[in-house]
Amino acid sequence: MRNSLRLAVILTIFSSHALAAKGKKNAPAEPVTTMDQGADPTSTEQSEKKAPKVEPPTDEEIAAQEAKADAAAVKKRRQREQVGLFANVLVGFGSAPMPGTGADVTTGKTTSGTLMVGGYYDLSPDFTLGARLPLTVGSQRQPDGGSETVVALGILELMGEYRTALSRFTVLPVSFGLGLPTAQGNYDYLDKSGWQRMELNTMADAAAGYRDPELFGPHRLPVIGGVGVDYQRKALSLRAATKLVLGIKVGGELANVPDTYSTYELKPVTIRSVTSGGVSYEFLPRPRVFAALDAWLAYNAINAFEYTSKAGATPPTRFQFVFEPRVGARFGKVSPSIGYIFPIGGRLADAGTSGLELHCDFAF
């Protein structure tokens, strides 16, 4: 009986220890606390770092940023290489006006072809030097009804351009130039060869719509100055410009024409202004196909030799308005285009003068 009681006590003690151990094993490692009983669990989270305070830019910093953006935009919009060459062929049709009482005073019917070559070199992104020289070949109708082929060299023009940015998309080009008196021809009709070359250069000037008087005046040293504005954004381009050309006489003689009703005078200086505007738009990205329309107003303030009527007849108009629609494309570094020059009103329209222009630029 005593042994049985002792065994029961031992089993009871062992069972209580085993249950206690099992209870500890299943109990949570730490007591669960509520918001009221323990610390806030969000107190252990790391707070985000505060962003540094950004001060607004000053006026000087804004101006510097805008200037940098303008410079980058100008470089991007120019899209030109440092060196470029071009070739231009202008085929002229009709007659060229000559000094006289009206539109019926012209050269004979002429078909001319003017080949002009030139190029430019960028000394800097803002400053360019260039040159161009025309040579004209023409078939002139003679008084006896036949035709004669004549060749005449034009003026070698040396020119420069400085560009300054007005905004991100707009630049202001200032141009200047000086020509060498290499144009052939003479105003003395007794010199048949000289007279024919003078008429041919006059025809080349007329076929170009009086746009470039600095290239075709015999025995003239032209001085050129001009200013313009050029806007380009994406596929659209707008431009406007005006230039003044003074042709200083350096030689040549005018034949003494006996005329009871009029007088002729070879002027020491010629003056012509040309004001132009244009728009172009690119329709395709590759190749860059574009269409353009240019127009200009030429005013002949003083012609090379002037006609004066002793009878008080009204002189012909000195204004000339001209249009040229063009289409072209850009294939990498080669850019061909074709345009047609046709005058609206003025003596060129009265004489039936027009020109087909083929142009190609080559960049390097």
Side-chain angles (χ1 to χ4, degrees), residues 54-86 118-130 132 159-177 211-212 214 224-245 273-299 321-335 337 339 359 361-364:
V54 178
E55 296 292 338
T58 63
D59 293 341
E60 291 77 8
E61 291 173 342
I62 294 175
Q65 292 173 358
E66 291 178 349
K68 186 177 180 180
D70 290 345
V74 170
K75 290 181 180 179
K76 183 178 180 181
R77 68 180 293 283
R78 289 178 65 238
Q79 296 182 349
R80 56 187 284 167
E81 302 294 335
Q82 187 176 17
V83 180
L85 301 175
F86 74 86
Y120 70 85
Y121 178 77
D122 284 354
L123 295 178
S124 73
D126 302 320
F127 187 70
T128 300
L129 292 178
R132 55 180 178 168
M159 50 192 173
E161 182 182 81
Y162 176 77
R163 297 171 294 275
T164 182
L166 299 180
S167 70
R168 294 183 59 187
F169 308 103
T170 309
V171 298
L172 187 147
V174 178
S175 59
F176 53 90
R211 180 172 49 189
D212 297 311
E214 62 269 30
I224 310 103
V227 64
V229 60
D230 188 357
Y231 173 88
Q232 294 181 20
R233 186 170 186 179
K234 297 182 179 180
L236 178 66
S237 175
L238 301 174
R239 53 196 170 273
T242 185
K243 69 177 178 180
L244 183 67
V245 181
S273 65
V274 181
T275 301
S276 62
V279 56
S280 62
Y281 189 84
E282 293 181 352
F283 292 96
L284 296 175
R286 291 185 180 181
R288 294 183 177 180
V289 178
F290 67 89
L293 177 64
D294 292 292
W296 57 92
L297 176 68
Y299 175 62
F321 193 48
V322 186
F323 278 99
E324 183 186 14
R326 295 182 295 119
V327 293
R330 295 179 175 88
F331 302 94
K333 297 182 181 299
V334 180
S335 302
S337 65
H359 187 91
D361 290 308
F362 308 89
F364 298 94

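Numbers for residues simply follow the sequence, beginning at 1.
For the pair Val289 and Glu282, the minimum side-chain heavy-atom distance is 4.5 Å or more. For the pair Thr170/Leu172, no side-chain contact is recorded, criterion being any heavy-atom separation below 4.5 Å from C-beta on. Phe127 places none of its side-chain heavy atoms less than 4.5 Å from the side chain of Arg163. Annotation: side chain of Val274 is not in contact with side chain of Thr242 (no heavy-atom distance under 4.5 Å). Inter-residue side-chain proximity for Tyr231 and Arg239 is flagged as unmet; no heavy-atom pair is nearer than 4.5 Å. Side-chain contact check for Ser237 versus Asp230: some heavy-atom pair is nearer than 4.5 Å. Side-chain contact between Phe364 and Leu85: present, with at least one pair of heavy atoms (C-beta onward) separated by less than 4.5 Å. Put simply, the side chain of Arg168 does not reach to within 4.5 Å of the side chain of Arg233, judged on heavy atoms.
For the atom pair Arg288 CZ and Phe331 CZ, the distance stands at 12.5 Å (nearest 0.5 Å). For the atom pair Leu129 CG and Tyr120 OH, the distance stands at 12.5 Å (nearest 0.5 Å). Rounded to the nearest 0.5 angstrom, Thr128 OG1 and Asp122 CG are separated by 3.5 Å. Remark: Phe321 CZ to Thr275 OG1 distance equals 10.5 Å, nearest 0.5 Å. Residue Tyr162 holds its OH atom at 7.5 Å from OG of Ser124, rounded to the nearest 0.5 Å. Separation of atoms OG (Ser276) and CG (Leu297) is listed at 10.0 Å; rounding is to 0.5 Å.
Across all their heavy atoms, Pro287 and Arg330 have their closest contact at CB-O, 3.9 Å. The two residues Arg326 and Gly339 come nearest to each other via the heavy atoms CG-CA, 3.7 Å.
Using a cutoff of 4.0 Å between basic side-chain nitrogens and carboxylate oxygens, Glu214 and Lys243 are scored as salt-bridged.
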query = For Ser337 and Phe290, what are the C-alpha separation, side-chain angles and deciding distance, and is it a side-chain contact (heavy atoms from CB on, under 4.5 Å)?
reply = CA-CA 9 Å; Ser337 65; Phe290 67 89; 4.2 Å; yes
request  = Test side-chain contact (heavy atoms from CB on, under 4.5 Å) on Val279 and Leu236 and set out the steps.
outcome  = CA-CA 8 Å; Val279 56; Leu236 178 66; 4.0 Å; yes
inquiry  = Apply side-chain contact (heavy atoms from CB on, under 4.5 Å) to residues Glu324 and Trp296 and explain how you reach the verdict.
reply    = CA-CA 9 Å; Glu324 183 186 14; Trp296 57 92; 3.9 Å; yes
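At least one test fails for Arg132 against the ring of Phe86: distance under 6.0 Å to the centre or angle within 45° of the axis.
Taking the ring centroids of Tyr281 and Phe283, they lie under the 6.0 Å cut-off.
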